[in-house]
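One structure below.
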Amino acid sequence: MKKKLVSILLSAAMVTAVLGGCGSKPEAASVGEPAAAEENAPKEDAAPVEETTAEENAETETAEETTADPASITGEFTYWTYTDSANNLVNEFNKVYPNVTVNLQVFGGDEYKTKILTALQSGTDVPDVFDLEEGYMYEFLDSDMISDLSYINIEELTKDFYDFQVAQMKDTTGTFKCLNFQSSPVALWYLKDACEEWLGTSDPAEISAMLSDWDAIIAKGEEVYEASGGTVQLWPNLDEMPKVVAFSYAPLISPDGKMAISEDWTNLIDSMRTMYDSKADAELGSWGSEWAAAWNDGKLLFRVMPSWDFFTDWETNKGNVGVAAPFKSSYEGATGICVYNDSEKKDVAGEFLKFVASDEFQKINLESYNQIPASKKVCDEMSEGFSAEDFGGQNILATYSEICDNIVDVTPNKYTRPAITAFQKAAANGVKAGDGNDSIIEEFKSVIKDKYPEVVIE
């Protein structure tokens, strides 16, 4: 089979990767030998044997596959990723499928995209299963080297997933090419004692109501700064502002490659300028050591983070952490699991994806690892009365479900996240330099034109 990659993958340019309960048993297909046929035909005086249709045979086979014992399935496959959290997936999978060996290899984010791209281009040493990060996965999904996941009945497996999750799993033809197994809703992370002291509440609903738009956030930040004598600030930096609203605005570039900058985006630049000129803005670089230390010490009230987190000092702040829904709903940092189309291990690799998509793992991933299910059904079933010990007993699932339910149905494509990132950078840098909106937008257009020459810019 001729292997092709989308044209952008053949270029020399490489983009640094950004990041990174009990339920029913998952479906499991038997990979053993078929049962032997009956040797003896029915006797003449026996009851007549009813003929079965192809549809009835298919239903019988499906039932047999569903009830197969996962422990009876054997095999191995290689799995490449850029995130240590993949160990959680493999460990839980092996508890149910103890006789499948997963050769997991974790590579640093800076080298991962280059490594998987090189393997696919050369067609040698390609892993059977591999992860792709949201920031670049749409550059890969059109490749015929990535398997169409209809072979594992992916539509049925994901029928209860959030619409925005399902949209992320498809290539430009609408074919399922990856599995996104958890949601990454963006929330406002805070320390309860710090918010009690400076905002008068640690209740997530009250905090959300208090921070109802950019004007309210900036005004409250000014109050906190003055009350604390300049020792405490509310908002981390300008870069976090687009993260809150990006998926509530019309896409900067449409799927057919046309740029359109709505008034929402230009108004955002104005709000970023007001924030920069205020005392609310701490101007601490996201994911930096000073940013993390200020938040863990209660000197920075909020971080804008998806549901996965690597920056909380849990030893100090376990039980003191809260999350509140921002005034707009968004997500960040999806991971898509793909299967190599020419792999000889597609059957057993498919078992892995089916397990990860199952209600069983979705619940485990929430209860054991505080990761939000991709399945709306699981979220709805578990949200009532859910309690997270690390978050002081807060029902974080109720908060995250609210965010997921309100994410606007923006169908992502290869332009979506890179365009948001480019706009974010142009706006933040331009505001700090004192540039006007027209200059900032021209810089954004220039960056997009260099990266995507085919985009139509009016």
Side-chain angles (χ1 to χ4, degrees), residues 21-23 85 88 91-92 162 181-212 217 220 224 232 234-236 244 291-333 359-407:
C22 298
S85 63
N88 301 337
N91 291 339
E92 298 299 336
Y162 287 103
F181 57 92
Q182 64 191 34
S183 300
S184 300
V186 168
L188 302 177
W189 287 59
Y190 61 91
L191 296 184
K192 295 181 179 181
D193 57 1
C195 282
E196 284 286 353
E197 181 176 1
W198 300 112
L199 299 182
T201 182
S202 60
D203 181 82
E206 292 179 4
I207 288 174
S208 294
M210 185 182 297
L211 308 178
S212 57
I217 290 171
K220 185 58 65 175
V224 170
V232 178
L234 185 143
W235 196 258
V244 172
W291 167 85
W295 184 84
N296 279 293
D297 291 341
K299 302 302 183 184
L300 172 64
L301 293 190
F302 294 102
R303 288 185 291 135
V304 181
M305 283 291 295
S307 50
W308 43 268
D309 172 64
F310 302 104
F311 303 99
T312 300
D313 180 355
W314 291 108
E315 185 175 341
T316 300
N317 286 315
K318 181 176 181 178
N320 189 35
V321 179
V323 291
F327 67 92
K328 295 290 186 182
S329 297
S330 185
Y331 64 90
E332 181 185 11
D359 287 358
E360 177 179 15
F361 177 73
Q362 297 278 299
K363 293 175 181 178
I364 291 171
N365 204 29
L366 170 65
E367 294 179 334
S368 298
Y369 307 110
N370 287 327
Q371 300 306 309
I372 307 307
S375 170
K376 175 175 170 54
K377 185 187 78 169
V378 171
C379 284
D380 290 345
E381 287 178 356
M382 299 187 68
S383 61
E384 185 174 353
F386 184 82
S387 176
E389 180 181 357
D390 288 347
F391 294 79
Q394 181 186 344
N395 186 343
I396 62 170
L397 187 56
T399 299
Y400 282 127
S401 293
E402 174 189 345
I403 297 169
C404 288
D405 285 341
N406 290 322
I407 291 176

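- Every residue was checked against the ring pair (Phe, Tyr, Trp, His ring centres under 6.0 Å) condition with Tyr400, not counting sequence neighbours, and none meets it.
- The two residues Pro306 and Ser184 have their closest heavy-atom pair at CB-O, 3.7 Å.
- With sequence neighbours excluded, no residue forms a side chain to side chain donor-acceptor pair (under 3.5 Å) with Asn91.
- Residue Ser375 comes nearest to Asp359 through the heavy atom pair OG-OD1, 4.3 Å, listed as atom of the first residue, atom of the second, then distance.
- Side-chain contact between Val304 and Leu188: present, with at least one pair of heavy atoms (C-beta onward) separated by less than 4.5 Å.
- Under a 3.5 Å cut-off, the side chain of Tyr190 and the backbone N or O of Ser202 do form a donor-acceptor pair.
- The shortest distance between side-chain heavy atoms of Phe327 and Leu211 does not fall below 4.5 Å.
- Atom OG1 of Thr399 and atom CD of Gln394 lie 4.5 Å apart (nearest 0.5 Å).
- Under the ring pair (Phe, Tyr, Trp, His ring centres under 6.0 Å) criterion, Phe181 pairs with no residue, sequence neighbours left out.
- Minimum heavy-atom separation, Pro373 to Val378: CG-CG1, 3.8 Å.
- Expressed to the nearest 0.5 Å, how far OG1 of Thr312 lies from CG of Asn320 amounts to 10.5 Å.
- Residues Cys379 and Leu397 are in side-chain contact: their nearest non-hydrogen atoms beyond the backbone lie under 4.5 Å apart.
- Every side chain to side chain donor-acceptor pair (under 3.5 Å) that Glu92 has, sequence neighbours left out, goes to Lys95, Tyr369.
- Minimum heavy-atom separation, Gln182 to Asn365: OE1-ND2, 2.7 Å.
- Nearest heavy atom pair, residue Leu191 against residue Gly298, reads CD1-N, 3.9 Å.
- Tyr162 has its side chain within reach of Asp405: a pair of non-hydrogen atoms, C-beta onward, lies under 4.5 Å apart.
- To the nearest 0.5 angstrom, Ser212 atom OG is 13.5 Å from Ile207 atom CD1.
- Between Gln362 and Lys377, the closest side-chain pair of non-hydrogen atoms is not below 4.5 Å.
- Legend: salt bridge (charged side-chain N to carboxylate O under 4.0 Å, His left out) pairs involving residues 312-330, not counting sequence neighbours, sorted by first then second residue: Lys318-Glu389, Lys318-Asp390.
- Taking CE from Met382 and CG from Leu366, the interatomic distance works out to 5.0 Å, rounded to the nearest 0.5 Å.
- Not counting sequence neighbours, the partners of Glu402 by the side-chain contact (heavy atoms from CB on, under 4.5 Å) test are Ala325, Asn406.
- Ser387 pairs by the side chain to side chain donor-acceptor pair (under 3.5 Å) definition with nothing, not counting sequence neighbours.
- In terms of heavy atoms, Asp380 sits closest to Ser383 at O-OG, 3.3 Å.
- Panel note: side chain Asn370, backbone Ser307; no donor-acceptor pair is recorded below 3.5 Å.
- Residues passing the side-chain contact (heavy atoms from CB on, under 4.5 Å) test with Ser330 are Val186, Phe247, sequence neighbours excluded.
- Among pairs with a residue in residues 296-310, those fulfilling salt bridge (charged side-chain N to carboxylate O under 4.0 Å, His left out) read Arg303-Asp309, at least two apart in sequence or across chains.
- The line from CD1 of Ile403 to OG of Ser183 is 10.5 Å long, rounded to the nearest 0.5 Å.
- Phe391 pairs by the ring pair (Phe, Tyr, Trp, His ring centres under 6.0 Å) definition with Trp189, Trp314, not counting sequence neighbours.
- Side chains of Asn296 and Thr316 form no contact here, defined as non-hydrogen atoms less than 4.5 Å apart.
- In this structure Trp235 satisfies the ring pair (Phe, Tyr, Trp, His ring centres under 6.0 Å) test together with Trp214, sequence neighbours excluded.
- Listed by first and then second residue, the salt bridge (charged side-chain N to carboxylate O under 4.0 Å, His left out) pairs involving residues 183-203 amount to none (not counting sequence neighbours).
- Residues Ser368 and Asn88 form no side-chain contact, since every pair of their non-hydrogen atoms from C-beta on lies 4.5 Å or further apart.
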